[in-house]
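By convention in this document, chain letters (A, B, ...) are assigned in the order of the sequence lines, proteins followed by strands, and residues within each chain are numbered from 1.
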Amino acid sequence: GESVGLHLPTLSVQEGDNSIINCAYSNSASDYFIWYKQESGKGPQFIIDIRSNMDKRQGQRVTVLLNKTVKHLSLQIAATQPGDSAVYFCAESGAGTASKLTFGTGTRLQVTL
Amino acid sequence: NAGVMQNPRHLVRRRGQEARLRCSPMKGHSHVYWYRQLPEEGLKFMVYLQKENIIDESGMPKERFSAEFPKEGPSILRIQQVVRGDSAAYFCASSTTGTVSYNEQFFGPGTRLTVL
């Protein structure tokens, strides 16, 4: 079946540096993508989303890039802070599955001082 | 503005017992989703409900699991005769509509079920 997966399970970044978290998806019908942040013991928290008619979207300190040709999604966090330490998930929904999200396995971001 | 509420936050059951997980959506939200998360994994969709209706249960195991969202009260995820493999975190999300790309799903803090 369709799946959304991540390249790296753990990413260690020094405070102040930029972080890049990657995600590959396999469902070519996916048309909406979301990045979530999950801190220990908490539910996923929405960070940023992007629709398939876009290739880049920026938020506060975060940027999401979408490459539909290779079915790849990335989350860039500028000036990474200790509070950014968490597990990050990409999720997608597609035509016919608009009511549910398919999550990737997650990348743990560790920010070192 | 209370967010999505789930209780209990932690639930311990012995094999063969029943587990009932409750979810109160955000005010004004009539769409509820349940997801399951195993340790070190992403969330897996289980079921999508509106008031008094199950819309999509394609992620629900065929046996022992059921969900409801009555006209009054919280949504309930019920697991009968629990087994150790049911140990996981169960998350509820709610939204104002059923189309993800138009309305964000807000997640609750989850219920962590441990089956002894």
Side-chain angles (χ1 to χ4, degrees), chain A residues 1-10 21 23-27 29-54 57 59 64 66 73 86-108, chain B residues 3-10 21 23-26 29-50 53-60 67 69 88-112:
Chain A
E2 290 87 6
S3 65
V4 181
L6 299 179
H7 296 304
L8 299 172
T10 304
I21 301 172
C23 176
Y25 63 95
S26 58
N27 184 1
S30 297
D31 58 7
Y32 180 62
F33 304 87
I34 311 169
W35 280 100
Y36 283 95
K37 173 185 180 182
Q38 187 177 27
E39 296 174 287
S40 181
K42 297 183 179 179
Q45 177 186 0
F46 175 94
I47 301 173
I48 191 168
D49 62 357
I50 188 168
R51 291 185 170 79
S52 59
N53 61 351
M54 305 170 68
R57 190 163 187 226
V64 54
L66 175 63
L73 192 69
V87 178
Y88 290 80
F89 295 96
C90 62
E92 60 90 9
S93 71
T97 62
S99 61
K100 65 186 180 186
L101 295 167
T102 300
F103 281 79
T105 52
T107 292
R108 186 178 305 279
Chain B
V4 177
M5 300 176 68
Q6 290 188 249
N7 69 82
R9 293 293 309 277
H10 300 274
L21 288 62
C23 169
S24 296
M26 287 182 67
H29 288 193
S30 59
H31 299 254
V32 166
Y33 315 80
W34 286 93
Y35 293 82
R36 176 164 62 175
Q37 184 178 35
L38 296 173
E40 301 296 305
E41 292 189 9
L43 282 70
K44 297 286 195 295
F45 170 81
M46 299 180 74
V47 62
Y48 159 43
L49 311 102
Q50 294 180 36
N53 285 302
I54 296 174
I55 307 303
D56 181 351
E57 56 181 348
S58 58
M60 286 280 271
F69 189 16
Y90 292 83
F91 290 95
C92 169
S94 72
S95 68
T96 56
T97 76
T99 303
V100 171
S101 58
Y102 293 101
N103 268 285
E104 180 183 343
Q105 289 183 18
F106 293 83
F107 283 84
T111 293
R112 277 140 188 90

In Å, rounded to the nearest 0.5 Å, how long is the span from CZ of B:Phe106 to CZ of A:Phe46?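 Going from the CZ atom of B:Phe106 to the CZ atom of A:Phe46 covers 8.5 Å.
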Taking every non-hydrogen atom, the tightest pair across A:Lys100 and B:Ser58: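 Minimum heavy-atom contact is NZ-OG, 2.9 Å.
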So which heavy atom on B:Phe91 is nearest to which on A:Gly43, and how close?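 Closest approach of B:Phe91 to A:Gly43: CE2-CA, 3.4 Å.
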By a 4.5 Å heavy-atom criterion (distance strictly below it), what part of A:Tyr36 contacts chain B: side chain, backbone, both, or neither?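 Side chain only.
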Please look at A:Gln38 and chain B and tell me whether the side chain, the backbone, both or neither of the residue comes under 4.5 angstrom of a heavy atom of that chain.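 The side chain, not the backbone.
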Heavy-atom side-chain contact between B:Tyr35 and A:Leu101 under 4.5 Å: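 The answer is yes, as the side chains (C-beta and beyond) meet within the 4.5 Å cut-off.
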Under 4.5 Å from any heavy atom of chain A - which part of B:Gln37: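 Contact with chain A involves the side chain of B:Gln37 alone.
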More than 12 non-hydrogen atoms from neighbouring residues, nucleotides or ligands closer than 6.0 Å to CE on B:Met60, yes or no?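 It does: B:Met60 CE has more than 12 such atoms within range.
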